[in-house]
Number of protein chains: 2
Amino acid sequence: MREQAAGARSLSRAVFADVRAEILAGVYPPGSKLSPRAIATKSDVSLSVVREALTRLAEQGLVNAAPQLGFSVVSLDLEDVRDISKVRIVIEGAAFKDAIEHADIEYETRVLAAHHRLVRTPIWSDEETHTVSEEWSTAHAQFHSALLSASTSPRLRELAEGLRDTAELYRRWSGTLAVDQPERDIPAEHEALMQAALDRRSDLAEKLIGDHINKTTELLAGYVETHPVEVAALNGVQP
Amino acid sequence: MREQAAGARSLSRAVFADVRAEILAGVYPPGSKLSPRAIATKSDVSLSVVREALTRLAEQGLVNAAPQLGFSVVSLDLEDVRDISKVRIVIEGAAFKDAIEHADIEYETRVLAAHHRLVRTPIWSDEETHTVSEEWSTAHAQFHSALLSASTSPRLRELAEGLRDTAELYRRWSGTLAVDQPERDIPAEHEALMQAALDRRSDLAEKLIGDHINKTTELLAGYVETHPVEVAALNGVQP
DNA sequence: TTTTGAAGAGAAATCGATTTTGTTGTGGAA
DNA sequence: TTCCACAACAAAATCGATTTCTCTTCAAAA
């Protein structure tokens, strides 16, 4: 019997989860080709299994699938960055609002706990190069998930998570420097988000999350615009 | 060489489009099993091709994929009907608003033309049984697409279209009778939607489309609640 | 020197067969 | 009569090989 990731009841799912995690972790540069054969060899499974996993990733939008041309990671595109941001503001805003309107003690506890963990996790893994730590990224994602966790709409939550993942991927690619922002106080923004949730001020919360997303995006878009060379180099790499 | 649907550059895509159209057309009852082998035989392609197509449909949410249990069409679930409606109101509302705010003459022309076609298409194909005609369904879908066609966000439009397809599928399953509504004037609602678009009243438009979706859903939900036997029978069929 | 075309190498898409897993029906024991 | 175990069957998941397409290279002609 071949080993599988826990929880995945089929090889496809295991490979799907693996590749997805690798893409999100930034292992593959934007636009780089994903060779089914290479992945099949590496994971010790057959091609069909990899194809199925890649097909699912393509449907999620994390991978491009061109017939006869194979699969590749999505590339860093300014238009798309802005588009995702727009859609995120709509969806995550609605989900956050809905969550607060259906909040209970459990929800408040989850938000408070996730915020505490986020605050206590060091943001930099390397103070010199300003590299965002893996732990902080995880804590950050979990905090935002917690904010939506009381939403009554599974589909809304699912959409929000998926879009946030893609946005996070873009952030990684644009370099960790992008998080370096003089005129911005991220901990304060998170604090405000938590407070709005605990105070059950759903309209304020919706506005805050929109601003939060907007700021991050504009900074990222600014980076892409001011560093065309680096971005082109990223997109150009085809290992 | 094997024949392919026009535009599909691979067998998978052709099969994907075929099966998707069949599901949307109501060929398969809700919850019914989709046998890869049967489809493969019918379309004269290999199993892997069908599997890939079904995998994509599953990722889109039109099909359930359970490891070791195969694929099946989604079943008619009241919770999900309501959830889809909620999400649609958010997304289609945002897309409609965005479209109006970026409207131009081309857009207005498209909306007007689609509305005209909708008005001129007979709603019933069979006056006795109140069966909604295929032509009207198509015209209706095209009208709603036209309303969003000026939106600047491709992702928003894509999401809206996908959710609308699923909602339309649920409507078909719930029986054509569900469209039969004494206290409702559908042509007037469509007229109002068009007018709001032409007058560029984006806030009003967002509210109107929300109401439009809500009314349809509540009627559908009402049908499911008052006809549990028929719904169970639909979901029970496993050909 | 540049451009065009053909051949070959490499990769993707597809196929049929094999392995694995889930289901159903039967028989025996409680 | 009901429950559990076992076996036969059916279906899905996986695999290795084949076919088809794309990209690159090299040579000949302009």
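Atom set for the values below is all heavy atoms of this structure, side chains included, hydrogens, waters and symmetry mates excluded. What you are looking at is a predicted structure, and each value in this text was computed from that prediction instead of being measured. Residue numbers start from 1 in every chain, and the chains themselves are labelled A, B, ... in the order their sequence lines are given, proteins ahead of strands.
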Given atom CG of A/Leu11 and atom P of D/dA12, what is their separation to the nearest angstrom? 17 Å
How many Å lie between CD on B/Gln68 and P on D/dA13, as a whole number? 6 Å
Of B/Arg37 and B/Val49, the one whose closest nucleotide on DNA chain C sits nearer the 5' end is B/Val49
Once you round it to whole Å, what is the distance between C1' of D/dT24 and NZ of A/Lys33? 12 Å
With DNA chain D as reference, determine whether A/Ser48 or A/Leu69 sits nearer its 5' end, using the nearest nucleotide of each. A/Ser48
Rounded to the Å, how far apart are A/Leu47 CG and D/dA17 P? 11 Å
For the pair made of CD in A/Glu52 and P in C/dA13, what is the distance, rounded to whole Å? 14 Å
Check A/Lys97 with A/Glu92, please: is the shortest side-chain N to carboxylate O separation under 4.0 Å? no
Does D/dA12 have OP1 or OP2 under 4.0 Å away from a side-chain N or O of B/Arg51? no
Pair A/Asp77, A/Tyr170: side-chain N/O donor-acceptor within cut-off below 3.5 Å: no
Using the side chain to side chain contact (heavy atoms under 4.5 Å, CB included) rule, pick out the option among A/Thr55, A/Val74, A/Ile23 that qualifies with A/Val63. A/Ile23
Starting from C1' on C/dA12, measure out to CZ on A/Phe71 and report it in whole angstrom. 9 Å
In whole angstroms, the gap separating C1' of C/dA11 from CG of A/Leu54 amounts to 14 Å
One thing to verify: whether A/Glu134 and A/Arg172 come together as a salt bridge, which I'm taking to mean a side-chain N less than 4.0 angstrom from a carboxylate O. yes
Any side-chain donor near an acceptor of the partner, A/Ser43 and A/Asp18, under 3.5 Å: no
Does A/Ser12 make a side-chain N or O approach to OP1 or OP2 of D/dT14 shorter than 4.0 Å? yes
Would you kindly compare B/Pro67 and A/Ala66 by the position of their nearest DNA chain C nucleotide and give the one closer to the 5′ end? A/Ala66
Does C/dT14 have OP1 or OP2 under 4.0 Å away from a side-chain N or O of B/Ser46? no
Quick one: A/Arg13 CZ to D/dA13 P, roughly how many Å, whole number? 9 Å
